[in-house]
Amino acid sequence: MSEFILTDLEFAQLGEGRVAYLKRVRTDDLAQKFPDLPPMTPGIEVWGLFGAAGDPIVLSDVRAHALAGAQEHELETVTLQ
């Protein structure tokens, strides 16, 4: 497995609408970074599917549901650690 290191700008330029990443996030962090999201219970960890530019596409407490969102939007996914 190869590992690539990209800056945020380089990652965003890979292709919004083509690439998304899956990441475990806390609802507190989401609410702070994306104030337009609907209210969420604080302190919960969820799986987030984010576009290459970092905007949330799907949020779910089930990883498989977030990945299904990528398939529905025809996005190639990567997982960040």
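Atom set for the values below is all heavy atoms of this structure, side chains included, hydrogens, waters and symmetry mates excluded.
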Please evaluate residues L67 and T77 with respect to the criterion side chain to side chain contact (heavy atoms under 4.5 Å, CB included), reporting the C-alpha separation (whole Å), side-chain torsions for both, the decisive distance (0.1 Å), and the verdict.
CA-CA 8 Å; L67 283 174; T77 58; 4.0 Å; yes
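The shortest side-chain heavy-atom distance between H73 and I57 falls under the 4.5 Å cut-off. Between K23 and L49, the closest side-chain pair of non-hydrogen atoms is not below 4.5 Å.
Contact record, L37 with P56: CD2-CG, 4.3 Å, taken as the closest heavy-atom pair. The minimum heavy-atom distance between V19 and L75, with the atom names listed, is N-CD2, 4.1 Å. Shown here for W47 and V62, the closest heavy-atom pair between the two residues is CD1-C, 3.9 Å. Here the shortest heavy-atom pairing between S60 and A66 reads CB-N, 4.2 Å. Between F34 and D55, the closest heavy-atom pair is CE2-OD1, 4.0 Å.
To the nearest 0.5 angstrom, R63 atom CZ is 5.5 Å from L22 atom CG.
When the side-chain contact (heavy atoms from CB on, under 4.5 Å) test is applied to I44, the partners found at least two apart in sequence or on another chain are T27, T41, V46. With sequence neighbours left out, E45 forms a salt bridge (Lys or Arg N to Asp or Glu O under 4.0 Å) with R24. Looking at residues two or more places apart in sequence or on another chain, you find a side-chain contact (heavy atoms from CB on, under 4.5 Å) between D28 and R26, P42.
Listed by first and then second residue, the salt bridge (Lys or Arg N to Asp or Glu O under 4.0 Å) pairs involving residues 31-43 amount to none (not counting sequence neighbours).
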